[in-house]
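Reviewing the structure listed below.
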Number of protein chains: 2
Amino acid sequence: MESSRRKPTIKHIAEAAGVHPSTVSRALNGLPESRIPQETVDRIHKAAAELRYEPNPWAQSLRTKRAMMIGMAIPRFTDYVLAQMFEAAQIRAMKFGYHTLTAGAEVGGVDNVAIKGLIDRRIDGLILATAKIHDQYLPEIERRGVPFVLLNRKSADYPGVTGDDEVGGYLATRHLIDQGHTRIGHISGPTDVSTALNRACGYRRAMAEANLPVHSELIQQGTFDADSAGRAAANLLNLPVRPTAIFAVNDISALAAMSVARQCGLTIPEDLAVVGYNDSEVSSLLPIPLTSVRVSLQEMGSAAVDLLLALMNGETVESVVKAPQLIPRQSSVLSRS
Amino acid sequence: MESSRRKPTIKHIAEAAGVHPSTVSRALNGLPESRIPQETVDRIHKAAAELRYEPNPWAQSLRTKRAMMIGMAIPRFTDYVLAQMFEAAQIRAMKFGYHTLTAGAEVGGVDNVAIKGLIDRRIDGLILATAKIHDQYLPEIERRGVPFVLLNRKSADYPGVTGDDEVGGYLATRHLIDQGHTRIGHISGPTDVSTALNRACGYRRAMAEANLPVHSELIQQGTFDADSAGRAAANLLNLPVRPTAIFAVNDISALAAMSVARQCGLTIPEDLAVVGYNDSEVSSLLPIPLTSVRVSLQEMGSAAVDLLLALMNGETVESVVKAPQLIPRQSSVLSRS
DNA sequence: TATATTAGCGCAAACGATTGTGCAGGATAG
DNA sequence: CTATCCTGCACAATCGTTTGCGCTAATATA
């Protein structure tokens with residue numbers, strides 16, 4: 001009995017309500033200055049509801065040049081930190097009627113490709129959670145006129161949202177110093193990622209402040225993952241004079257370090273104190289709960305959306321820096337016995 | 001010096017190449033039967049490249065009614081299992097030129113709303129990783145004519161990709177029985193999620209096969225998360241006759257169970273053997289590495305995309321079931337001493 | 001009563017692509 | 001030498017909305 005299988009358009013509504021399509025558009029979009037009597041508006045709404053009308057977003061976007069869509073470039077979703085931020089961002093964006101289109105930056109080989117793909121889909125704005133420090137493509141994106149903000153990556157030139165990694169690194173290291181440690185190793189992250197770099201800076205500042213020397217072998221580089229961190233930890237533990245504490249650039253590195261330490265017959269925290277970063281879900285569930293630095297990833301994700309929307313709105317915006325907080329747990333605190 | 005700030009359109013290219021817009025379209029889309037001499041095609045491509053032309057996807061979609069976009073409804077991205085599947089799906093989809101539009105199902109309160117939002121954005125197909133078992137909205141989606149497949153959720157009526165949870169549950173339980181355990185507890189998952197239910201079925205089958213009684217108190221319900229699983233574990237461990245082994249519906253539940261067990265002064269695996277499910281990243285890094293059931297989440301994500309594309313292609317498809325595999329580790333195996 | 005104002009809505013031109021149809025002109029056939 | 005065919009492209013309609021403009025009739029003002 002249904003009159004037609006096709007999706008109803010504004011034209012069908014117009015017919016049903018006995019008005020012109022343009023009137024339907026105005027009525028549905030409800031611009032205040034287009035003075036249409038309430039009675040007509042109601043009639044149109046009724047017709048729209050009956051026909052189960054839904055606007056065609058392609059036509060809308062084509063006409064208005066806005067897609068109500070923001071892109072998020074994220075290297076991996078399996079990374080707890082990134083997933084958390086993405087999820088919060090998506091929820092926040094949807095509050096304002098925006099959908100999120102994602103591109104794993106790894107997808108397509110080069111970051112460029114995936115991001116280009118995103119932009120080609122005509123998004124209204126972009127959140128980059130993937131930008132390495134020396135990014136040749138940031139200017140390129142800027143050139144294309146797409147508003148964007150950085151997330152979890154610091155840049156002097158572009159606005160973004162970050163945690164205060166320097167302070168976080170400082171807090172972690174300072175905590176270990178306060179526990180009486182003097183030889184403190186650091187498992188760092190990739191050198192082209194600002195978060196990792198800043199955490200290392202904080203580490204150095206805390207050490208310097210306490211007049212503790214930082215020999216180069218005390219900093220072993222990893223790449224945020226268990227394998228590399230395990231090797232870095234092994235290097236630290238095999239030093240002639242073994243460090244008694246390790247500050248790892250993230251929790252997974254800390255986990256790997258603890259795993260290696262156990263294999264060396266060391267007990268935690270007596271022989272080795274460990275501090276991680278990001279306070280991921282498992283940290284508190286471990287047999288020896290992990291001390292970690294927490295910064296609200298949800299808040300960062302939300303803030304990135306807010307920042308982007310402001311930017312898209314033509315406002316001048318400033319970068320947001322979220323303060324971190326140390327969550328001391330057993331992995332770095334000797335139980336007073 | 002740039003002639004125009006606006007995005008170049010097919011019309012500009014036509015002008016530059018001295019042909020009609022329609023010819024440009026045909027040349028760029030390269031249909032074989034539209035016989036355009038190579039020389040002209042080259043000229044058009046050159047002009048397009050010089051003007052840095054990029055097709056407007058809105059106009060394309062409006063005309064062709066295809067968006068080259070598939071939607072994924074996923075409850076949470078912070079869940080390792082879902083994130084893994086999503087990531088693989090996204091990579092796979094992009095191989096075929098499809099972007100992925102996501103909606104966290106929790107977003108918008110009711111699943112319906114978010115999914116409706118997705119569909120309204122005019123996607124070409126939908127992957128549902130969120131469908132509960134008795135889903136009132138599956139027929140609704142079907143009615144709207146959007147091809148869809150289920151992921152990680154079983155249904156008799158609709159095609160989908162799942163791991164063989166029943167077999168997985170069986171393998172896990174059978175493994176514990178083989179280790180000599182006779183009182184084996186199970187921390188289950190939500191009753192309206194097919195994966196959880198099927199794992200419990202596998203548990204029961206293994207128990208029955210070994211003529212082991214399953215008293216109702218041996219199955220304690222959780223909801224996939226640490227808190228509920230912790231309570232469930234406590235219930236199990238406080239039974240008059242304590243089980244000597246626990247099969248948990250997922251790794252996080254297993255972790256929580258181990259954590260509670262330690263608080264009770266039990267050692268693992270001597271006093272309590274534990275098996276989890278999904279073999280998440282941390283399982284092998286734990287001080288006592290966790291025995292778990294692995295099914296390739298990447299393969300499942302990819303398979304869902306393949307299934308969906310086939311469906312969109314009008315092919316008749318059949319559900320895919322991936323076989324699981326037990327990864328025995330120290331948490332359930334007594335070291336032979 | 002004549003004129004100015006305004007409310008209410010229709011007209012038609014975009015937006016940028018795709019695609020069925022058709023028209024020249026050269027090649028081939030009869 | 002004419003009829004036919006094919007090649008290589010141009011024309012124009014269309015997808016579903018939005019929106020500047022302008023028309024008609026009713027009301028307000030002089």
Side-chain angles (χ1 to χ4, degrees), chain A residues 4-45 47-48 51-69 97 119-122 124 145, chain B residues 4-45 47-48 51-69 97 119-122 124 145:
Chain A
S4 152
R5 217 70 196 87
R6 304 186 42 65
K7 282 215 139 206
T9 76
I10 169 184
K11 202 172 265 184
H12 300 132
I13 301 194
E15 207 167 320
V19 293
H20 193 268
S22 62
T23 309
V24 174
S25 173
R26 284 184 243 263
L28 292 181
N29 292 345
L31 273 307
E33 68 268 28
S34 62
R35 314 66 40 100
I36 304 182
Q38 193 55 43
E39 188 263 328
T40 310
V41 171
D42 289 344
R43 188 155 36 95
I44 291 176
H45 270 113
L51 294 182
R52 294 165 159 281
Y53 167 76
E54 274 151 18
N56 182 323
W58 301 329
Q60 288 187 146
S61 294
L62 178 60
R63 189 63 234 256
T64 63
K65 300 189 178 315
R66 300 189 322 144
M68 295 306 284
M69 190 111 91
I119 297 178
D120 292 350
R121 292 324 265 186
R122 302 291 156 91
D124 301 326
Chain B
S4 151
R5 217 71 198 85
R6 303 188 41 65
K7 283 216 136 203
T9 75
I10 185 180
K11 200 172 266 182
H12 300 133
I13 300 193
E15 207 167 319
V19 293
H20 193 269
S22 62
T23 309
V24 175
S25 173
R26 283 186 242 263
L28 292 181
N29 292 344
L31 274 306
E33 68 268 28
S34 62
R35 315 63 42 101
I36 305 183
Q38 193 56 41
E39 189 264 330
T40 310
V41 171
D42 289 344
R43 189 154 36 93
I44 291 175
H45 270 113
L51 294 182
R52 294 165 160 279
Y53 167 75
E54 272 152 18
N56 181 321
W58 302 328
Q60 286 186 144
S61 294
L62 178 59
R63 188 63 234 256
T64 63
K65 300 191 177 317
R66 300 190 321 144
M68 296 307 284
M69 188 111 88
I119 297 178
D120 292 350
R121 292 325 266 185
R122 302 291 155 88
D124 301 327

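The structure presented is a predicted model; accordingly, all values stated were derived computationally and were not measured. In what follows, chains carry the letters A, B, and so on, assigned in the order in which the sequence lines appear, proteins first and then strands, with residues in each chain numbered from 1.
Between T64(B) and dA17(C), a side-chain N or O to OP1/OP2 separation shorter than 4.0 Å is absent. Under 4.0 angstrom from either OP1 or OP2 of dG10(C) there lies at least one side-chain N or O belonging to T23(A). Between dA17(C) and T9(B), a contact under 4.0 Å exists linking OP1 or OP2 to a side-chain N or O. Remark: K7(B) is not in phosphate contact with dC15(C), judged by side-chain N or O atoms under 4.0 Å from OP1 or OP2.
Residue-to-nucleotide contacts include no donor-acceptor pair under 3.5 Å from the side chain of T40(A) to the base of dC9(C). Donor-acceptor pairing under 3.5 Å, judged by distance alone, is absent between the side chain of R43(B) and the base of dG8(D).
The CD-P distance, from E15(B) to dA17(C), rounds to 14 Å in whole Å. Atom NE2 in H20(B) sits about 10 Å away from atom C1' in dC9(D), given to the nearest Å. Put simply, CG on N29(A) is 13 Å from P on dG20(D), counting in whole angstrom units. Between the CZ atom of R26(A) and the C1' atom of dA12(C) there is a distance of 12 Å, rounded to whole Å. Counting to the nearest Å, the P atom of dA17(C) and the CG atom of N56(B) are 6 Å from each other. Atom CD in Q60(A) sits about 17 Å away from atom P in dG16(C), given to the nearest Å. Distance K65(A) NZ to dT17(D) P: 17 Å, rounded to the nearest Å. Note: CD (E54(B)) to P (dG16(C)) measures 14 Å, nearest angstrom.
You'll find the side chain of T23(B) stays beyond 4.5 Å of the side chain of R26(B), heavy atoms only.
Residue whose closest nucleotide on DNA chain D sits further toward the 5' end, between P21(A) and S22(B): S22(B).
Using a 4.0 Å heavy-atom cutoff across all strands shown, L62(A) reaches at least one base atom of the nucleic acid. Within the nucleic acid shown, P37(A) comes within 4.0 Å of sugar-phosphate atoms alone, with no base atom in reach, counting heavy atoms only. Across all strands shown, I36(B) has heavy atoms under 4.0 Å from sugar-phosphate atoms exclusively, and none from any base.
Salt bridge absent: E15(A) and K11(A) never bring a charged side-chain N and a carboxylate O closer than 4.0 Å.
The line from CZ of R122(A) to NZ of K65(A) is 8.0 Å long, rounded to the nearest 0.5 Å.
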side-chain contact (heavy atoms from CB on, under 4.5 Å) between Y53(A) and L28(A), worked out: CA-CA 11 Å; Y53(A) 167 76; L28(A) 292 181; 3.7 Å; yes
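With no hydrogens or angles considered, no side-chain donor-acceptor pair links N56(A) and Q60(A) at under 3.5 Å.
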